[in-house]
Amino acid sequence: MSSRPAVLVMIPGVAADPALKARPAFRLVDEGAPQLRVTDLAATRGDGVFETVGVFDSRPANLTPHLERLQRSARMLDLPALDLDVLAQAVDAAVTAHLPVPELLVKIVVSRGVEGQSRPTAWVFADAAPSYAAARAGLRVAALDRGIPTTAPQTSPWLLAGAKSLSYAINMAGLREAARRGADEVLFISSDGYALEGPTSTLLVKRGNRFLTTPVDAGVLPGTSLGSVFELVRGEGAEAAEELMTLAQVAESDGAWLLSSVRLACPITHLDDVELPVDRALTDRLSAAIAGRK
């Protein structure tokens with residue numbers, strides 16, 4: 001970890017509203033000073049959206065997919081359209097202010113704002129990344145029932161399946177349950193029996209010469225790392241596709257990973273009590289693709 005202080009960028013005008021263009025786009029502030037009002041709906045209701053971006057060799061990994069997913073999540077929560085150009089500039093400012101650091105985490109947060117004001121609150125927070133060496137070496141994963149079917153996005157859109165909202169209490173509870181079971185991570189399973197995703201990661205499964213991930217319309221987040229990973233494996237002659245998979249199909253696969261823009265490609269070594277094969281060389285190539293080190 002770096003001894004440098006974290007960097008906080010406050011963004012007063014994140015909505016894509018021409019009337020706000022004359023306002024300062026953002027400002028760097030003291031990350032230790034008070035910034036968020038206690039009546040902000042991010043704090044009182046978890047009412048907002050966020051993204052966490054990995055930065056490797058001074059370059060944010062897959063920033064455009066992250067911003068597009070943030071916009072998608074904002075639409076799902078009926079938040080105003082976001083000014084992605086301002087957000088991208090704020091990320092760049094936060095990264096630049098924190099260099100040189102080998103790996104950074106940058107969190108972009110958009111809240112519905114102070115209760116009763118109808119104006120979003122937004123900020124970008126950059127800090128040195130912790131070591132993810134253990135996770136990148138392999139994860140013991142517990143399969144947990146998420147309690148909703150893969151049809152929920154169509155039948156019950158108010159459940160916000162597939163939105164990256166600030167309401168992460170269930171995800172964190174899942175990780176605590178995994179720890180109680182002696183596992184490092186979670187693979188959520190739908191109530192109709194299909195593998196979904198991790199609390200903060202995208203599932204990738206290798207079956208023969210096919211690399212598969214859960215379809216977005218099953219209620220998972222669109223994986224920001226998938227574009228880089230699919231480009232890599234297709235370039236190596238493999239097929240890459242979205243496909244619903246049962247827990248048994250994942251357990252019987254030729255390898256599986258939980259992908260993240262900050263932890264990169266983490267191989268699943270055990271799924272509950274089943275040991276999965278791990279291809280270290282392939283894992284390294286997947287991680288390099290996500291980090292933009294191809």
Side-chain angles (χ1 to χ4, degrees), residues 51-57 59-73 84 88 103 106 132 135-139 141 150 153 161-164 185-190 194-247 249-269 271 276-294:
E51 287 288 328
T52 304
V53 183
V55 178
F56 305 92
D57 305 322
R59 297 189 304 273
N62 298 302
L63 180 58
T64 296
H66 276 288
L67 293 175
E68 290 173 347
R69 190 170 70 177
L70 187 75
Q71 189 79 280
R72 175 182 180 271
S73 295
L84 300 187
E103 293 189 16
V106 177
Y132 291 115
R136 291 169 183 170
L139 297 170
V141 175
T150 54
K164 195 170 179 68
E185 253 290 355
V186 171
L187 176 60
F188 283 122
I189 308 300
S190 68
Y194 295 104
L196 296 173
E197 61 188 346
T200 61
S201 55
T202 300
L203 176 65
L204 179 72
V205 176
K206 185 177 187 292
R207 293 174 60 84
N209 201 38
R210 305 181 71 219
F211 287 83
L212 305 172
T213 193
T214 309
V216 171
D217 62 11
V220 300
L221 283 167
T224 57
S225 304
L226 280 173
S228 301
V229 166
F230 279 9
E231 180 183 0
L232 171 72
V233 299
R234 285 169 177 155
E236 295 182 352
E239 179 186 349
E242 292 186 348
E243 186 174 300
L244 285 175
M245 295 168 281
T246 64
L247 182 62
Q249 288 174 320
V250 178
E252 295 165 358
S253 70
D254 299 312
W257 297 261
L258 292 177
L259 308 179
S260 154
S261 64
V262 293
R263 293 188 308 183
L264 305 177
C266 299
I268 299 176
T269 62
L271 183 55
L276 274 65
V278 174
D279 185 330
R280 297 293 177 188
L282 175 56
T283 297
D284 289 345
R285 296 200 302 278
L286 295 176
S287 287
I290 296 169
R293 293 169 171 164
K294 294 180 281 188

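In plain terms, the two heavy atoms of Phe188 and Gly198 that are nearest each other are CD1-C, 4.3 Å. Minimum heavy-atom separation, Arg72 to Pro222: NH1-CD, 3.4 Å. Counting all heavy atoms, side chain and backbone alike, Gln249 lies closest to Leu244 at OE1-O, 4.0 Å. Across Arg136 and Thr283, no two heavy atoms sit closer than the pair O-CG2, 4.4 Å. Ala256 approaches Val250 most closely through the heavy-atom pair CB-CG1, 4.2 Å. Counting all heavy atoms, side chain and backbone alike, Leu196 lies closest to Ser190 at CD1-N, 3.6 Å.
In this structure, CZ in Arg69 is found 13.0 Å from OG1 in Thr64, a value given to the nearest 0.5 Å. Between atom OG1 of residue Thr214 and atom CG of residue Leu221 there is a gap of 11.0 Å, rounded to the nearest 0.5 Å. The CD1 atom of Ile290 sits 8.0 Å away from the CG atom of Asn62 when rounded to the nearest 0.5 Å.
For the pairing with Cys266, the side-chain contact (heavy atoms from CB on, under 4.5 Å) check across Leu259, Val141, Leu139 returns one residue only, Leu139. No option in His66, Gln71, Lys164 other than His66 meets the side-chain hydrogen bond (donor to acceptor under 3.5 Å, both in side chains) test with Glu51.
In this structure, Val229 and Phe211 have side chains that are not in contact, with every pair of non-hydrogen atoms separated by 4.5 Å or more. Under the 4.5 Å side-chain criterion, counting only non-hydrogen atoms from C-beta, Ser287 is not in contact with Arg293. Looking only at side-chain heavy atoms (C-beta outward), Val233 and Lys206 stay at 4.5 Å or farther from each other. Within the 4.5 Å cutoff, no side-chain heavy atoms of Thr202 are placed close to those of Ser225. For the pair Leu247 and Leu271, the minimum side-chain heavy-atom distance is below 4.5 Å. Annotation: side chain of Leu204 is in contact with side chain of Leu286 (closest heavy-atom distance under 4.5 Å). Contact check for Val53 versus Leu67: no side-chain heavy atoms found under the 4.5 Å cut-off. Val278 is not listed as a side-chain neighbour of Leu276, based on a closest heavy-atom distance of 4.5 Å or more.
Ion pairing between a basic and an acidic side chain is recognised when a charged N comes within 4.0 Å of a carboxylate O; Glu243 and Arg210 show such pairing.
Within a 6.0 Å sphere centred on OH of Tyr194, other residues, nucleotides and ligands contribute 12 heavy atoms or fewer.
Although no hydrogens or angles enter the test, the distance criterion places no donor-acceptor pair under 3.5 Å between the side chain of Ser253 and the main chain of Arg207. Under the 3.5 Å distance criterion, the side-chain polar atoms of Arg59 are left unmatched by any main-chain donor or acceptor of Ala291.
With sequence neighbours left out, Ser73 forms a side-chain hydrogen bond (donor to acceptor under 3.5 Å, both in side chains) with no residue at all.
The salt bridge (Lys or Arg N to Asp or Glu O under 4.0 Å) pairs that include a residue from residues 194-204 are Arg146-Glu197, where partners are two or more places apart or lie in different chains.
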